[in-house]
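A short worksheet on the structure shown next.
First the proteins, then the strands, lettered A, B, ... as listed; each starts at 1. Hydrogens, waters and symmetry mates are skipped; everything else that's a heavy atom, side chains included, is used.
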Number of protein chains: 2
Amino acid sequence: MKEEKKILRKHIEIKGLRKTNQRYKVLEVFLANDEHLSVDELYFLVKKRYPEISHSTVFRSMKIIFNAGLAAKIRNFDGLIKYEHSYKHKQHGHMICSNCLKIIEFDDIQIKELLKKAAKEKEFKPQIFRTKILGLCKKCNSA
Amino acid sequence: MKEEKKILRKHIEIKGLRKTNQRYKVLEVFLANDEHLSVDELYFLVKKRYPEISHSTVFRSMKIIFNAGLAAKIRNFDGLIKYEHSYKHKQHGHMICSNCLKIIEFDDIQIKELLKKAAKEKEFKPQIFRTKILGLCKKCNSA
DNA sequence: CTCATTGCAAAGCCTTTGCATGGAG
DNA sequence: CTCCATGCAAAGGCTTTGCAATGAG
């Protein structure tokens, strides 16, 4: 069994929730796609394989998957909430193409260190670090 | 006349738009408040002084003020679009308290340099840099 | 059996827009 | 006069929730 599934199962146990197939199926589809997915997009993918699962179940399952620490949320100017993998997924930043909306991930470990320092100076207890660059990807810039 | 007002006036001229009082009044109230304001919050403040101005005018005026380069947009997980001053406002990052939602600005010039480097590596043409730290402010952390 | 979960549809909530009226140029 | 801007109200678009039916424990 996939490690992520075990983690979800454990999270469900700890929280005293019920182990339903829907939750594992949503997780399975979520893990099978490396994109940043909105609930709607994920629902679309889930439906292809498991047409019996509803939009609200995908929505609520993602909430649980998020709470289990398996997904991270992103929200950009389009207003859509998107989820990305967070389990054993290296810390990274996002470059977002204003034209084609493509998201490129990049390593930001050094930056994180500077952010930690900044937080310390302001006596702020950091939990999550985010770095983002808006601009044009190679393709859109040369087009 | 305030420098920002001149800039707005010039922007309006260049774009061939009309110089209406509403636009200048919205700008005035926006500049008088150093907070990060959503259109709704700004509308509330505008209404106190100029009750005849409507919500949609505030909304549309902020769009123009944004295009004139006088305001920057922020969008967090609450989903609300907020505007902050951007004219002669030093480049900075945001620390956002998950508890009281307070926003603390911090200097991120060094970080910006690293981000530029990262963009170059991915052949990405950067336009806007964003850094954000979620966590707890001093007060909420000790409470 | 009991109570959490599902699916459906609808409510919420902010953002954005259509349209008739008003006002700058 | 000509059109852009304004105000109002309503439409959009995504997220979230109420409720009756279903199913895990």
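Atom CZ in Arg60(B) sits roughly 12 Å away from atom P in dC8(D) (whole-Å rounding). As a whole-Å value, the separation of Leu8(B) CG from dA5(D) P is 12 Å. When rounded to the nearest whole Å, the span between CD of Glu52(A) and C1' of dT22(D) equals 14 Å. Rounded to whole angstrom, the span from the NE2 atom of His55(A) across to the P atom of dT16(D) amounts to 10 Å. Put simply, CG on Asn67(B) is 12 Å from P on dA5(D), counting in whole angstrom units. Remark: P of dG23(D) and CG of Asn21(A) are 11 Å apart, rounded to the nearest angstrom. Atom-to-atom, NZ of Lys63(B) to P of dC4(D) comes out at 16 Å; the value is rounded to the nearest Å. The nearest whole Å value for the distance from the CD atom in Gln22(B) to the P atom in dC4(D) is 17 Å.
His85(A) places a side-chain N or O within 3.5 Å of a backbone atom of Asn33(A) that can act as its donor or acceptor partner. Looking at Arg23(A), its side chain does come within 3.5 Å of a backbone N or O of Arg18(A) through a donor-acceptor pair.
Cluster partners of Phe77(A), by chain and number: Ile96(A), Ile103(A), Leu134(A), Ile128(B). The rule joins Ile, Leu, Val, Met, Phe, Trp and Tyr whenever side-chain heavy atoms lie under 4.5 Å apart.
At a threshold of 4.0 angstrom between heavy atoms, the contacts of Arg23(B) are confined to the sugar-phosphate backbone, with no base atom among them.
Each of His36(A), Arg130(A), Lys132(A) was scored for a side-chain hydrogen bond (donor to acceptor under 3.5 Å, both in side chains) with His94(A), with one residue passing: His36(A).
Nearest-nucleotide positions on DNA chain C for Phe59(B) and Ile12(A) put Ile12(A) closer to the 5' end.
Note that the first and last nucleotides of DNA chain C, 5' to 3', having any atom under 4.0 angstrom from a heavy atom of chain A are dC3(C) to dC8(C).
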- Item | side-chain contact (heavy atoms from CB on, under 4.5 Å) assessment of Leu115(B) paired with Phe106(A) | CA-CA 9 Å; Leu115(B) 288 172; Phe106(A) 65 92; 3.6 Å; yes
- Would Lys19(A) and Glu13(A) satisfy salt bridge (charged side-chain N to carboxylate O under 4.0 Å, His left out), going step by step from the backbone distance to the final call? CA-CA 8 Å; Lys19(A) 288 164 197 140; Glu13(A) 270 169 18; 3.1 Å; yes
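For Thr20(A), no side-chain nitrogen or oxygen approaches OP1 or OP2 of dA24(D) to under 4.0 Å.
A salt bridge links Glu113(B) with Lys116(B): the distance from a Lys NZ or Arg NE/NH1/NH2 to an Asp or Glu carboxylate oxygen falls below 4.0 Å.
The side chain of Arg18(B) approaches dA5(D) more closely than any other nucleotide in the set dG18(D), dA5(D), dT16(D).
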